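All of these numbers come straight from a predicted model, not from anything done at the bench. Proteins come first, then strands; the chains are lettered A, B, ... in the order of their sequence lines, and each starts at number 1.
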Number of protein chains: 2
Amino acid sequence: MNIGQAAKRSGVAAKTIRYYEEIGLIPAAGRTASGYRDYGDAEVETLKFIQKARSLGFSVHDVGDLLTLWRDRDRASADVRRIAQGHVLAVEQKIAALQAIRQTLEGLISRCHGDDRPDCPILEGLAPGCCGDTGQGL
Amino acid sequence: MNIGQAAKRSGVAAKTIRYYEEIGLIPAAGRTASGYRDYGDAEVETLKFIQKARSLGFSVHDVGDLLTLWRDRDRASADVRRIAQGHVLAVEQKIAALQAIRQTLEGLISRCHGDDRPDCPILEGLAPGCCGDTGQGL
DNA sequence: AAGGACCTTCCAGTCACCGGAAGGTCAAGG
DNA sequence: CCTTGACCTTCCGGTGACTGGAAGGTCCTT
């Protein structure tokens, strides 16, 4: 099947498949006589694997590691677990950072009347040296 | 003061200050006779404002809008509020997406014994067509 | 034969910077 | 006066993970 079919079946865009090949995440596909890339079911399964891992936020680098482990029938599950747990930790840190941001923003927004008047606690909260700002940030 | 001093006082790296000037987020700084950029307290305050807004996750584009509003003594606070609320929405969506990812990952990890044995529910969860996978994803 | 939907490669752009090279400037110390 | 080292300047390239588009070749149908 050609790249468009593989893209449709795997859920990975054709452009992205070429990109993955270029960076070596997947091996170079076979070619037809006319130079078109040619894919089989196994390649599509690999692409689906990649797609799922990426949708869980694994970096392309991590996906490369996971793919290697996936192909290795003798891998230790501990290796996979380590990658996944490292990723969970990173995800949790991102969540915490975003929650802190949300809290700060909502505090500022709740104090802003949001009408035609120019005074705005949001800008005042962002502005240093304003409204008794101690320079310690928000 | 030169760019290094402005960087230290504002918390924005010198490289980043030049970048902000290049993309037009801040006006081009004055220059000394020898060509060094020259900053005053007002510029440092602007940089601090930018630094705080960026630390709250506003895009550089949004910071530009906020700066315009900040400089406009007649702005309506509603304009600021709209930008901030749009950003909160985006932040909340990111948090939700990350939480879903975390949940999925933790489900997979909890089923993985994580030892020397090769069978691993994490990889099986990522692999399509495996273990009764319906192709419906995780 | 013609059209449209594919495919190919290559280049550029995204976002928000960071690193480094090559070269000019400044202030202090010998 | 000269050197040293810490600054500053510009410019170029790289990051991650793609995405868009141009120019040109191929395939299939009518």
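The OH atom of B:Tyr19 sits 15 Å away from the P atom of C:dG19 (whole-angstrom rounding). Look at CG on A:Leu25: it is 13 Å from C1' on D:dC18, rounded to the nearest Å. Atoms CG (A:Asn2) and C1' (C:dA5) sit 11 Å apart, rounded to a whole Å. Here C:dA12 presents its C1' atom at 13 Å from CD of A:Glu22, a figure rounded to the nearest Å. Going from atom CZ of A:Arg54 over to atom C1' of D:dT19 covers 14 Å, rounded to whole Å.
For B:Thr16, counting side-chain heavy atoms from C-beta on, the closest listed nucleotide (C:dA16, D:dA17, C:dC18) is C:dC18. When distances are taken from the side chain of A:Val60 to each of D:dA17, D:dC7, C:dA16, the shortest belongs to D:dA17.
For the pair B:Trp70 and B:Thr46, the tightest heavy-atom approach, listed with the atom from each and the gap, is CZ3-CA, 3.8 Å.
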Counting primed atoms plus P, OP1 and OP2 as sugar-phosphate and everything else as base, spell out the protein contacts along nucleotides 9-15 of chain D at 4.0 Å heavy-atom distance: B, S or - for each nucleotide, 5' to 3'.
BBB----
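B:Arg9 has its side chain within reach of B:Met1: a pair of non-hydrogen atoms, C-beta onward, lies under 4.5 Å apart. The shortest distance between side-chain heavy atoms of A:Asn2 and A:Gln5 falls below 4.5 Å.
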Quick one: the dot-bracket string of DNA chain D, using Watson-Crick and G-U wobble pairs with both distances under 3.5 Å, [ ] for crossing pairs and | for bases paired to another strand.
||||||||||||||||||||||||||||||
One pair to check against salt bridge (charged side-chain N to carboxylate O under 4.0 Å, His left out): A:Arg37 and A:Glu21. What are the steps and the verdict?
CA-CA 11 Å; A:Arg37 284 174 183 80; A:Glu21 183 181 312; 3.0 Å; yes
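B:Ile17 contributes atom CD1, which lies 11.5 Å from atom CG of B:Leu25 (distance to the nearest 0.5 angstrom).
Distances shown here put every side-chain N or O of A:Ser34 at or beyond 4.0 Å from the OP1 or OP2 atom of D:dG25.
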Report, one line per pair, each donor and acceptor closer than 3.5 Å where one atom sits in a side chain of residues 81-90 of chain A; sequence neighbours left out.
residue	atom	partner	partner atom	Å
A:Arg81	NE	B:Cys112	O	2.9
A:Arg81	NH2	B:Ile109	O	3.3
A:Arg81	NH2	B:Cys112	O	3.3
A:Arg82	NH2	A:Asp79	OD1	2.6
A:His87	NE2	A:Leu56	O	2.8
A:His87	NE2	A:Gly57	O	3.4

